[in-house]
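Starting from 1, each residue takes its place in the sequence as its number.
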Amino acid sequence: MLPNLKVWLDHFEYHAQRPRRLPEELSDLLSPQERRLIAHSIATFQLGEQSGGSHLLAAAYRFARENGAPAVARATELLVHEEQQHAALLARFMADHEMVRRRRHWTDSVFRRVRRLAQFELYLGVLLTAELIGNVYYRALEGVTRCQRLRLLCRVLVADELAHIGFESDLLLAIRARYPMARRLPIEMAHRAFFAGAALVVWMTHRPVLARAGYGLFSFLRACRAQYSFYLQPPLARASAASAG
């Protein structure tokens with residue numbers, strides 16, 4: 001059902017054998033002003049990264065059985081493992097800089113509740129929403145600090161998340177392509193509305209970091225919407241947009 005599925009699986013298998021590590025010799029100086037700016041914000045994102053993924057995996061196994069696609073389940077397992085590595089890298093950075101980790105946050109609770117109600121397609125849509133917005137956030141976070149360790153960590157997270165986004169968006173588009181337009185259109189409209197609402201919540205929750213990076217409300221929403229449009233346009237439309245650019 002997905003022509004590039006083996007490519008994505010090979011990619012995740014390759015990275016699973018090479019866990020991410022940051023060079024020990026990197027400068028790790030974080031000023032008191034930077035720490036005050038980012039501590040609560042980064043703790044919220046770390047909480048989101050550390051999900052065990054049990055509901056996502058259960059949905060992926062079920063989808064794989066129903067569609068004869070065991071590679072989807074395996075790729076999802078590896079993706080979840082990589083997300084947990086991200087959470088560990090963030091947690092270690094926070095511990096080294098004496099930042100308090102969050103045990104709960106209402107935004108994370110909302111995302112988790114929505115995912116628990118979801119079939120695999122809806123789960124993919126919610127996960128993709130978080131990662132698309134997260135990529136904009138991590139680029140902003142990189143821009144507000146001079147700490148070389150944190151800057152490289154942001155780049156690592158963005159690079160890995162781009163692969164996650166590529167896999168998830170390809171799979172989501174393939175699932176939706178099987179639907180007649182009368183069913184597909186309201187699903188896509190609902191996802192756009194959910195995405196816009198999530199981006200607005202992230203702006204309100206992480207405004208100090210985003211504003212310091214130069215984002216106003218509307219420029220942040222535009223940046224998020226550009227990510228959404230690029231990855232969730234149908235493949236032919238995406239290719240046409242790329243060639244026109």
Between H164 and E82, does the side-chain hydrogen bond (donor to acceptor under 3.5 Å, both in side chains) criterion hold? Intermediate values first, please.
CA-CA 9 Å; H164 299 181; E82 202 162 79; 2.6 Å; yes
List the steps, then state whether side chain to side chain contact (heavy atoms under 4.5 Å, CB included) holds for L122 with I187.
CA-CA 9 Å; L122 182 53; I187 290 174; over 6 Å; no
L150/I42 under side chain to side chain contact (heavy atoms under 4.5 Å, CB included): CA gap, chis, key distance, verdict:
CA-CA 11 Å; L150 180 56; I42 199 172; 4.1 Å; yes
Apply side chain to side chain contact (heavy atoms under 4.5 Å, CB included) to residues L232 and F195 and explain how you reach the verdict.
CA-CA 12 Å; L232 286 173; F195 183 88; over 6 Å; no
Evaluate the side chain to side chain contact (heavy atoms under 4.5 Å, CB included) criterion for residues V136 and Y215: first the C-alpha distance (whole Å), next the side-chain angles of each, then the deciding distance (0.1 Å), finally the verdict.
CA-CA 10 Å; V136 179; Y215 283 112; 3.7 Å; yes
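In this structure a side-chain-to-backbone donor-acceptor pair under 3.5 Å is missing from R176 to R184. Although no hydrogens or angles enter the test, the distance criterion places a donor-acceptor pair under 3.5 Å between the side chain of Y123 and the main chain of L56. The closest donor-acceptor contact from the side chain of S169 to the backbone of G166 lies under 3.5 Å. Of the possible polar contacts, one joining the S219 side chain to the G216 backbone as a donor-acceptor pair under 3.5 Å is found. With hydrogens and angles disregarded, no donor-acceptor distance shorter than 3.5 Å links the side chain of Q227 to the backbone of C224. Q46 places no side-chain N or O within donor-acceptor distance of the main-chain N or O of R101, the cut-off being under 3.5 Å. With hydrogens and angles ignored, the 3.5 Å screen pairs no side-chain donor or acceptor of T145 with any backbone N or O of L141. No side-chain donor-acceptor contact under 3.5 Å links R20 to the backbone of Q85.
Put simply, the side chain of F120 reaches to within 4.5 Å of the side chain of L171, judged on heavy atoms. Here the side chains of E161 and E83 are in contact, with some heavy-atom distance below 4.5 Å. The shortest distance between side-chain heavy atoms of Q148 and P23 does not fall below 4.5 Å. Residues V72 and N67 form no side-chain contact, since every pair of their non-hydrogen atoms from C-beta on lies 4.5 Å or further apart. Counting only heavy atoms from C-beta outward, the side chains of V100 and M94 never approach each other to under 4.5 Å. Side chains of L157 and L90 form a contact here, defined as non-hydrogen atoms less than 4.5 Å apart. Looking at heavy atoms from C-beta onward, L29 lies out of side-chain contact with R146 at the 4.5 angstrom threshold.
Minimum interatomic distance between L128 and L172 (heavy atoms only, all atoms of both residues): CD2-CD2, 4.0 Å. Of all heavy-atom pairs between L127 and L79, the closest is CD2-CD2, 4.3 Å. In terms of heavy atoms, A199 sits closest to F220 at O-CE2, 3.3 Å. Across T129 and H191, no two heavy atoms sit closer than the pair OG1-NE2, 3.1 Å. Contact detail for L30 and C147: the closest heavy-atom pair is CD1-CB, 3.9 Å. Across L5 and A71, no two heavy atoms sit closer than the pair CD2-CB, 3.6 Å.
From L9, atom CG reaches atom CG of N4 across 12.5 Å, with rounding to the nearest 0.5 Å. Put simply, CZ on R183 and CE on M181 are 13.5 Å apart, with the number rounded to the nearest 0.5 Å. Taking OG from S31 and CG from L37, the interatomic distance works out to 9.0 Å, rounded to the nearest 0.5 Å. The distance from the SG atom of C154 to the CG atom of N135 is 10.5 Å, given to the nearest 0.5 Å. Here the CG-CD distance, from L89 to Q84, works out to 12.5 Å after rounding to the nearest 0.5 Å. Note that the CZ atom of F45 and the OG1 atom of T205 stand 9.0 Å from one another [nearest 0.5 Å].
Note on E142 versus R155: salt bridge recorded, some NZ/NE/NH1/NH2 to OD/OE distance being below 4.0 Å. Ionic pairing of E13 and R74 is present here: one or more N-O contacts between side-chain nitrogen and carboxylate oxygen are shorter than 4.0 angstrom. Ion pair R92/E24 flagged as a salt bridge, since at least one NZ, NE, NH1 or NH2 atom sits closer than 4.0 Å to an Asp/Glu carboxylate oxygen.
Placement of L78 and L162 within a single hydrophobic cluster is found when ILVMFWY residues are connected by side-chain heavy-atom separations under 4.5 Å, directly or transitively. A single hydrophobic cluster is not seen to contain both L173 and V7; linkage of ILVMFWY side chains at heavy-atom distances under 4.5 Å, directly or through other members, places them apart. Side-chain heavy atoms closer than 4.5 Å link hydrophobic residues (I, L, V, M, F, W, Y) into clusters, and following such links, possibly through other members, connects L26 to I38.
Aromatic ring pairs are classed by plane angle as parallel below 30°, tilted from 30° to 60° and perpendicular above 60°; the pair F12 and F167 is perpendicular. Taking the six-membered ring where tryptophan is involved, the planes of F93 and H97 are tilted, since the angle between them lies from 30° to 60°.
Ring centroids of H206 and Y137 are separated by less than 6.0 Å, placing the two rings close together.
Other residues, nucleotides and ligands place more than 12 heavy atoms under 6.0 Å from the CZ atom of R139. The number of heavy atoms from other shown groups lying within 6.0 Å of CD (E98) does not exceed 12. Enclosure of atom CZ in R207 is not indicated, since only 12 or fewer non-hydrogen atoms of other residues, nucleotides or ligands lie within 6.0 angstrom. The local environment of NE2 in H11 is crowded, with over 12 non-hydrogen atoms from other residues, nucleotides or ligands closer than 6.0 Å.
Both the sub-6.0 Å distance and the 45° axial angle are not jointly satisfied by R65 relative to the ring of Y61.
Judged by distance alone, the side chains of Y179 and E121 do bring a donor and an acceptor atom under 3.5 Å apart. Between the side chains of D160 and H15, no donor N or O sits under 3.5 Å from an acceptor N or O.
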